[in-house]
Amino acid sequence: MQPSDVADDLSATLLSEQQIREKIAELARRVESDYAGERPLLVGVLKGAVMVMADLARELKMHVDLDFMAVSSYGLGTESSGVVRILKDLDADLSGRHVLIVEDIIDSGLTLAWLRANLESRGPASLEIFALLRKPDAAKVNVDVKYVGFDIPNEFVVGYGLDYAEQYRNLRGVGVLAPHIYS
Ligand code: XMP
Ligand code: MG
């Protein structure tokens, strides 16, 4: 669906499908040159990263392997606690692989900091992070992210994989959720 299909639920449209497509293409050119001659393993974090994974992988003019992981943050409410539980682990063995974690969004950074440490311990040849969105004002830990699509304001956003109560993941863009939806 388009932002216009849920216009009453959004206080603003932050990114259009077109803007996202162009940015992913731009970042894909960097990934191609950085991994020239290699066959990287893209690790998507379910469920939010499915759209980024699908679009990035198809944009890349090189062979890649795809794998997925599902994690959940322990803790109360919507705040990420940094204590993470693996709901679905990877199928792939990471030892000696060039691994690129693909994420929808970095908010506090706690989830990715944990994930990076966890995957690092499995002996990859290299480990980098690709995130479509980042909220610089929400950072609680500094995570080194090699590829970032857009820095966005510290507001709750939905679309392009990101959900509120499992809705809006199929929105073809990113919007700010209107307060009347969650309050
Ligand atoms: P942290 O804080 O650990 O958060 O970097 C990571 C996960 O929290 C979710 N998240 C969001 N989901 N809109 C969403 O729909 C948001 O604005 C948002 N901010 C964080 C997301 O799953 C991310 O991987
Ligand atoms: Mg996520």
Side-chain angles (χ1 to χ4, degrees), residues 1-3 5-17 19-20 23-24 27 42-56 66-90 99-120 127-183:
M1 59 193 182
Q2 299 287 351
D5 295 320
V6 284
D8 291 347
D9 299 358
L10 305 176
S11 55
T13 299
L14 269 188
L15 300 168
S16 67
E17 183 180 17
Q19 283 174 295
I20 295 170
K23 181 62 75 178
I24 287 183
L27 294 175
L42 307 187
V43 169
V45 184
L46 296 171
K47 302 171 192 170
V50 287
M51 306 299 176
V52 197
M53 264 296 247
D55 285 352
L56 172 63
L66 306 184
D67 205 349
F68 291 92
M69 206 169 162
V71 299
S72 106
S73 282
Y74 277 118
L76 304 169
T78 53
E79 290 271 295
S80 181
S81 62
V83 183
V84 177
R85 188 162 55 109
I86 296 176
L87 303 177
K88 182 224 172 285
D89 208 341
L90 298 170
V99 175
L100 181 58
I101 300 174
V102 177
E103 257 287 32
D104 48 359
I105 191 166
I106 306 171
D107 193 307
S108 69
L110 292 168
T111 304
L112 262 179
W114 181 91
L115 196 61
R116 179 191 262 284
N118 182 284
L119 299 190
E120 195 72 72
L127 180 61
E128 299 292 351
I129 298 171
F130 182 113
L132 181 70
L133 307 173
R134 179 173 62 184
K135 293 181 185 174
D137 298 340
K140 287 186 184 157
V141 286
N142 189 51
V143 191
D144 186 20
V145 185
K146 189 159 189 182
Y147 311 94
V148 182
F150 303 93
D151 280 324
I152 63 167
N154 192 8
E155 291 178 290
F156 196 80
V157 295
V158 293
Y160 199 74
L162 291 158
D163 75 303
Y164 172 69
E166 294 298 325
Q167 294 185 96
Y168 310 100
R169 290 194 196 276
N170 57 328
L171 187 59
R172 290 180 182 272
V174 173
V176 178
L177 195 64
H180 75 85
I181 299 292
Y182 56 83
S183 58

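Counting starts at 1 for both ligands and their atoms, in listed order. Source: prediction; values computed, not measured.
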Short list, please: which atoms of ligand 1 are under 4.0 Å from a heavy atom of [X]?
{"X": "Glu103", "answer": "24 (O)"}
{"X": "Glu155", "answer": "17 (O)"}
{"X": "Ser108", "answer": "1 (P), 2 (O), 3 (O), 5 (O)"}
{"X": "Val157", "answer": "13 (N), 14 (C), 15 (O), 16 (C), 17 (O)"}
{"X": "Lys135", "answer": "16 (C), 17 (O), 18 (C), 19 (N)"}

| said: So is Gly109 touching ligand 1 or not, going by heavy atoms under 4.0 Å? | reply: yes

| field | Check: Asp9/Tyr164 side-chain N/O donor and acceptor closer than 3.5 Å | value | no

Under 3.5 Å: donor-acceptor pair, side chain of [X], backbone of [Y]:
{"X": "Lys135", "Y": "Ser108", "result": "no"}
{"X": "Arg116", "Y": "Ile101", "result": "no"}
{"X": "Lys88", "Y": "Phe68", "result": "yes"}

| task | Report the member of Leu177, Asp107, Asp163 with the shortest heavy-atom distance to atom 19 (N) of ligand 1. | result | Asp107

| query | With backbone taken as N, CA, C and O and side chain as the heavy atoms from C-beta onward, which portion of Asp104 lies under 4.0 Å from ligand 1: side chain, backbone, both, or neither? | reply | side chain

| query | For the residue pair Leu171 and Val158, what are the closest heavy atoms and their distance? | reply | CD2-O, 4.0 Å

| task | Using side chain to side chain contact (heavy atoms under 4.5 Å, CB included) as the criterion, list what pairs up with Gln167, not counting sequence neighbours. | result | none

| task | Using side-chain hydrogen bond (donor to acceptor under 3.5 Å, both in side chains) as the criterion, list what pairs up with Asp89, not counting sequence neighbours. | result | Arg122

| request: Compute the shortest N/O to N/O distance between Ile106 and ligand 1 and return yes if it is under 3.5 Å, no if not. | output: no

| query | Does any N or O atom in Phe156 lie less than 3.5 angstrom from one in ligand 1, N or O only? | reply | no

